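None of the values given here were measured: they were computed from a predicted structure. Labels below follow one simple rule: chain letters A, B, ... track the order of the sequence lines, proteins then strands, and each chain is numbered from 1.
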Protein chains: 2
Amino acid sequence: MTETQKRPYHHGDLRQAIIETAIAMLNEPGGWQFTLREVARRAGVSHAAPYKHFPDKAALLAEIALIGFDRLHVALASARSGAGNATEALVAASRAYLVFGLGNPALYRLMFGAEIGNSAAVHRDKRAMGAFDVVMDLLAEGQAAGLIEKRGVAGQAASVWAQMHGLTMLKLDGMLRPERVGEDAVEAALASFYEGVFV
Amino acid sequence: MTETQKRPYHHGDLRQAIIETAIAMLNEPGGWQFTLREVARRAGVSHAAPYKHFPDKAALLAEIALIGFDRLHVALASARSGAGNATEALVAASRAYLVFGLGNPALYRLMFGAEIGNSAAVHRDKRAMGAFDVVMDLLAEGQAAGLIEKRGVAGQAASVWAQMHGLTMLKLDGMLRPERVGEDAVEAALASFYEGVFV
DNA sequence: GACATGAAGTTAACACTGTCTACTTACCGC
DNA sequence: GCGGTAAGTAGACAGTGTTAACTTCATGTC
């Protein structure tokens, strides 16, 4: 659309355009601290237009966080379906989790941060828990097959998720110093962790 | 100081007052998104005064994050000195870690977030790594005493920290749903985790 | 085709922010 | 007492999030 050929008064699908523009801006310096006005400018509308689709900036961030959970769920389900037994699937899912988190740092941080104002509502959403269900299922399968230590599945699932989440966050924050925990700390930590989980 | 009895032109220790006021505001709704102007108001100075002590808001947040690491280090060292053998000390340190993180949610999030602009510099600071050293030492001691599985200490240390950090963050985010992981997920996860670490 | 209604835009305003500059006050060393 | 500098203040600037009132146009009904 050239300068002289303006977009029609009605955008057509501004809500989606705002979401996509905001996700793109997440990956720029400043991450989610982009401004709604800049999102509107890039989408080619006035600064007040987004308020017809989202009550405020926090609502837009909440929607993006849920999209992140959707994508994580897909990544884990995909890793699971391509693996062999439950333990292989669990390791594959863990790697997929880390690949996702480390490959989408700003989105991952937003998903688990308190920035979205009503993070409790986001984290209660079933879309947020879908990814966790994959882990629960694999642990139950592994225990049933005698491949995983028989402990409380719930506590074990929490432990597995904590390990994946903790490694992702510490790596993103640059806190896994090579001089302290070696060059490939994530791999080493995963190996150490699952050594204590598998039979 | 009454309304008519103004503070002398020179505050005396404004830098410290700004830090303390900002830490207090961290625990209010909005966390670190407080405004420097409001910090200055509460400290009883003009909105530009903080710029004589901190180049910008991010620098103030960075200093507060380091203070958080200092406090975490003290909590871990204290837990260690009050425990028996290395495994008891490791469990005690883990609990102290969780108590700290869960008791100071906004400060803990700031310590590990990307909000402070130059989080890399903060996380490279030796003050940030002090807490981690306590964990490294305990693992080495435990392995030497034959109480902990002999794996690469570095990878094991990363795994232990990831577990503590992951559990703290998931709990803070409200993602450990009782209907999914039970009522006392943190305790259960820690028990499950250390079952796989101790001999 | 005319009309009413409402969605989806725009324009303008408000109150606030972070940060900077120039100025003022006062502390400190000599 | 003076000079230099630290530590304040006053004011300005460019920007923000959000709201209200208005404009444009899409849609449904007759």
For this session: Only counting residues at least two apart or in another chain, list the ones meeting side chain to side chain donor-acceptor pair (under 3.5 Å) with Arg180(A).
Result: Asp133(B)
Exercise. Hey, are Tyr194(A) and Ser94(A) close enough side-chain-wise for a donor-acceptor pair under 3.5 Å?
Worked result: yes
Exercise. Are Val74(A) and Met136(A) connected, step by step, through hydrophobic side chains (Ile, Leu, Val, Met, Phe, Trp, Tyr) whose heavy atoms are closer than 4.5 Å?
Worked result: no
Exercise. Using a heavy-atom distance cut-off of less than 4.0 Å, which residues of residues 60-68 of chain B contact DNA chain D?
Worked result: none
Problem set entry | Asp70(A): salt bridge (Lys or Arg N to Asp or Glu O under 4.0 Å) partners, not counting sequence neighbours | Arg127(A)
For this session: Tell me, please, which residues at least two apart from Val45(A) pass side chain to side chain contact (heavy atoms under 4.5 Å, CB included).
Result: Arg7(A), His11(A), Leu14(A), Ala40(A), Ala43(A), Ala49(A)
Seminar exercise, completed: Sorted by chain and number, sequence neighbours left out, side chain to side chain donor-acceptor pair (under 3.5 Å) with Ser192(A) holds for none
Problem set entry | CA sep, side-chain torsions, deciding dist, call: Glu183(A), Arg177(A), salt bridge (Lys or Arg N to Asp or Glu O under 4.0 Å) | CA-CA 8 Å; Glu183(A) 289 297 327; Arg177(A) 321 287 312 157; over 6 Å; no
Exercise. Side chain to side chain donor-acceptor pair (under 3.5 Å) with Thr21(B): which residues, sequence neighbours excluded?
Worked result: none
Seminar exercise, completed: Going 5' to 3' through nucleotides 12-24 of chain D and flagging B where a protein heavy-atom sits under 4.0 Å of the base, S where only the sugar-phosphate is that close, and - otherwise, we get B---BBBBB--BB
Exercise. Does the ring center of Tyr108(A) lie less than 6.0 Å from the ring center of Phe69(A)?
Worked result: no
Problem set entry | Of all pairs that satisfy salt bridge (charged side-chain N to carboxylate O under 4.0 Å, His left out), the ones with a partner from residues 18-30 of chain B, not counting sequence neighbours | Glu28(B)-Arg42(B)
For this session: Write out all pairs satisfying ring pair (Phe, Tyr, Trp, His ring centres under 6.0 Å) with one or both partners inside residues 166-192 of chain A, taking only residues at least two apart or from two chains.
Result: none
Seminar exercise, completed: Note: contacts of residues 11-28 of chain A with DNA chain C (heavy atom, under 4.0 Å) are His11(A), Gly12(A), Leu14(A)
For this session: Return the set of residues passing side chain to side chain donor-acceptor pair (under 3.5 Å) with Glu88(A) (not counting sequence neighbours), or none when no residue passes.
Result: none
For this session: Extract, from 5' to 3' on DNA chain C, the first and final nucleotides lying under 4.0 angstrom from some heavy atom of chain B.
Result: dT17(C) to dA26(C)
